[in-house]
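Report on the following structure.
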Amino acid sequence: MFSQSSRTVVVVGAQWGDEGKGKLVDVLAERADWVVRYQGGANAGHTVDLGEHSFVLHQIPSGILHEGVRCAIGNGVVLDPDTLFTEIDGLVADGIDVEGRLYVSDRAHLVLPYHKLIDAESAHSQSLGTTGRGIGPAYEDKIARRGIRVVDLRHADRLRELVTRGVERANAQLIGFGSSARADADSILELLGRLADRLLPLSEDVGLMVYRAMKSGAAILLEGAQGSLLDVDHGTYPFVTSSSTTSGGAATGAGIPPTSIDAVLGVVKAYTTRVGTGPLPTEMDAQMTERLRSLGNEFGATTGRARRCGWFDAVVVRYASRINGLTDVAVTKLDVLDTLDRIAICTGYEYEEALHTEFPADITGLDRVVPRYEWLDGWQQPTRDARRLEELPAQARRYLDRVQELIETPITYVSVGTRRDQIIGL
């Protein structure tokens with residue numbers, strides 16, 4: 001992906017998340033100078049399998065596993081400072097040198113204990129299937145202009161005022177929910193006081209740092225969380241996350257000009273999954289879902305929740321390609337399909353006696369569509385040892401060719417296993 005003409009690359013999920021972005025970022029980070037996480041929070045989970053050890057990263061960019069690569073958490077992220085340091089300490093314990101390589105935007109908003117209480121007690125959050133990590137309430141405070149940013153930790157009086165007001169609002173909400181849970185301002189201030197000593201030395205104007213790095217010719221990788229169909233504007237609203245997961249959110253969330261983005265890599269599974277509620281047009285029956293879930297270990301890295309499984313939806317990915325401006329696609333988990341005798345690709349939706357080939361905004365109608373499938377023969381051969389396209393079975397290559405044709409975007413990477421080395425670059 002990195003070349004003289006493409007020095008700033010965005011990696012986005014082009015389905016409903018869990019596509020394997022962490023692995024692709026890890027692979028690309030070997031040639032990057034900077035990796036910047038631009039949105040989401042601790043609700044994300046990027047898994048990187050190095051063979052001898054596997055890492056699950058929630059807020060820290062996946063590039064941290066490459067020595068010498070600088071990593072930054074951008075202003076578009078809502079940061080849980082408590083779990084951030086749990087994550088840092090875990091990496092250090094596993095021999096990963098973080099010192100002088102990790103930066104946090106001083107404009108990033110904080111996820112505080114009262115955000116988690118609201119998330120846990122809100123029936124609205126539960127109906128949407130959120131992770132309960134306080135992400136939605138933190139973004140809500142941000143948009144309502146009452147959030148608390150990293151930079152606010154520098155001013156004790158202002159911080160106390162902000163926290164006190166936040167606790168008062170949160171407790172009023174909790175009372176409205178009929179909950180006995182309550183937030184406490186003094187305990188939150190005590191927590192922030194302890195964490196500030198470690199967080200403030202990491203805080204920087206990340207947008208400025210990355211901009212200067214770009215001007216010097218550095219290779220920049222912008223890492224997103226969740227997937228395009230969970231974007232607050234372009235996803236299956238209201239069954240979405242609270243941030244802009246698409247490539248447009250990368251510039252905003254990292255603090256760089258959109259004209260500086262040279263390429264956008266969309267990551268997709270060779271099939272489709274979704275966690276929680278919301279439309280999934282190609283969802284499989286219970287028996288097939290259980291089989292694929294077992295083959296692909298389809299359980300959330302953050303929550304452990306079982307993922308719903310469906311066939312590859314070309315309507316969804318073509319839509320994601322359009323709204324992100326995808327220049328390339330990486331297909332992951334091809335090996336999960338190795339034992340299937342037949343494999344389906346959704347090419348359109350039948351609804352009210354018409355065929356629809358573009359993804360609709362109306363989720364009421366989306367719940368009633370009948371997917372139109374194109375069935376291909378499976379290859380029923382292992383692919384996990386393939387390192388070149390020609391080493392894949394002929395039917396696997398045919399499957400990839402058909403997917404590429406339908407999504408109208410070139411496939412440049414194919415992952416055939418969880419390990420870092422199990423990848424084919426086309």
Side-chain angles (χ1 to χ4, degrees), residues 37-44 57-61 71-92 98-100 102-122 125 130-175 179 181-207 225 242-243 253 255 302:
R37 171 79 180 278
Y38 62 83
Q39 49 76 224
N43 55 340
L57 301 169
H58 298 282
Q59 300 181 94
I60 298 175
C71 294
I73 296 172
N75 56 273
V77 173
V78 285
L79 182 75
D80 185 333
D82 198 9
T83 61
L84 172 69
F85 290 111
T86 300
E87 197 170 335
I88 289 174
D89 293 342
L91 287 170
V92 172
V98 178
E99 187 70 29
L102 179 64
Y103 307 90
V104 176
S105 172
D106 54 9
R107 290 175 166 85
H109 282 245
L110 298 176
V111 177
L112 298 174
Y114 56 77
H115 293 129
K116 298 177 188 178
L117 285 176
I118 292 169
D119 212 1
E121 298 292 338
S122 170
S125 295
T130 71
T131 61
R133 302 298 177 95
I135 306 303
Y139 273 117
E140 185 178 346
D141 276 357
K142 175 179 178 176
I143 298 304
R145 294 167 293 183
R146 61 189 183 218
I148 298 175
R149 302 187 297 170
V150 172
V151 70
D152 293 320
L153 298 179
R154 299 186 184 277
H155 308 285
D157 291 343
R158 173 169 169 77
L159 182 64
R160 175 170 289 279
E161 180 182 348
L162 290 171
V163 169
T164 300
R165 289 180 182 175
V167 165
E168 289 173 354
R169 282 190 299 269
N171 285 340
Q173 282 185 269
L174 292 167
I175 291 169
S179 170
R182 297 290 183 272
D184 178 70
D186 288 337
S187 64
I188 292 173
L189 286 164
E190 190 274 331
L191 171 68
L192 293 176
R194 284 189 288 107
L195 295 176
D197 291 338
R198 297 187 69 182
L199 185 57
L200 287 175
L202 303 179
S203 69
E204 296 282 355
D205 185 339
V206 164
S242 301
S243 58
T302 298

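Since the model is a prediction, treat every value here as computed from it, not as a measurement.
Note: E168 CD to Y114 OH = 10.5 Å, rounded to the nearest 0.5 Å. Here H115 contributes atom NE2 and E140 contributes atom CD; the two are 8.5 Å apart, rounded to the nearest 0.5 Å. The OG atom of S122 sits 8.0 Å away from the CD atom of Q173 when rounded to the nearest 0.5 Å. We find the CG-CG distance between L110 and L195 to be 9.0 Å, quoted to the nearest 0.5 Å. The distance from the CG atom of L153 to the CZ atom of R158 is 11.5 Å, given to the nearest 0.5 Å. The CZ atom of R169 lies 9.0 Å from the CD1 atom of I118; values are rounded to the nearest 0.5 Å.
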Apply the test side-chain hydrogen bond (donor to acceptor under 3.5 Å, both in side chains) to residues T83 and Q59: give CA-CA distance (whole Å), side-chain angles for both, the deciding distance (0.1 Å), then the verdict. CA-CA 9 Å; T83 61; Q59 300 181 94; 3.0 Å; yes

Could you check Y103 against L202 for side chain to side chain contact (heavy atoms under 4.5 Å, CB included), going step by step and ending with a plain yes or no? CA-CA 5 Å; Y103 307 90; L202 303 179; 5.9 Å; no

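Ion pair R198/D89 flagged as a salt bridge, since at least one NZ, NE, NH1 or NH2 atom sits closer than 4.0 Å to an Asp/Glu carboxylate oxygen. At a threshold of 4.0 Å, the pair R160-D186 counts as salt-bridged, since one of the basic side-chain nitrogens sits closer than that to a carboxylate oxygen. Using a cutoff of 4.0 Å between basic side-chain nitrogens and carboxylate oxygens, D106 and R154 are not scored as salt-bridged.
Here the side chains of L199 and L192 are not in contact, with every heavy-atom distance at 4.5 Å or above. Counting heavy atoms from C-beta on, the side chains of Q39 and Y139 come closer than 4.5 Å. Inter-residue side-chain proximity for V167 and I188 is flagged as met; some heavy-atom pair is nearer than 4.5 Å. Between Y38 and V77 the shortest side-chain heavy-atom distance does not fall below 4.5 Å. Residues L191 and P113 meet the side-chain proximity criterion, which asks for heavy atoms closer than 4.5 Å. Annotation: side chain of H58 is not in contact with side chain of D80 (no heavy-atom distance under 4.5 Å).
Screening V151, D205, V206 for a side-chain contact (heavy atoms from CB on, under 4.5 Å) involving R107 leaves a single residue, D205.
The neighbour count for R146 CZ, taken as heavy atoms of other residues, nucleotides or ligands under 6.0 Å away, is above 12. Residue-environment remark: CZ (R182) exceeds the threshold of 12 foreign heavy atoms within 6.0 Å.
Inspection of the D141 and H109 side chains reveals no N or O donor paired with an N or O acceptor under 3.5 Å.
Closest approach of S242 to G136, counting heavy atoms only: OG-CA, 3.4 Å. The minimum heavy-atom distance between L200 and S203, with the atom names listed, is O-OG, 2.8 Å. Residues P61 and A72 share a closest heavy-atom pair of CG-O, 3.4 Å. Across every non-hydrogen atom of A181 and L117, the tightest pair is CB-CD2, 4.1 Å. Residue A196 comes nearest to P201 through the heavy atom pair O-CD, 3.8 Å, listed as atom of the first residue, atom of the second, then distance. Taking all atoms of both residues into account, the shortest heavy-atom contact from G40 to S243 is N-OG, 3.8 Å.
T164 places no side-chain N or O within donor-acceptor distance of the main-chain N or O of E161, the cut-off being under 3.5 Å. Within the 3.5 Å criterion, the main-chain N or O of D152 finds no donor-acceptor partner in the side chain of H155.
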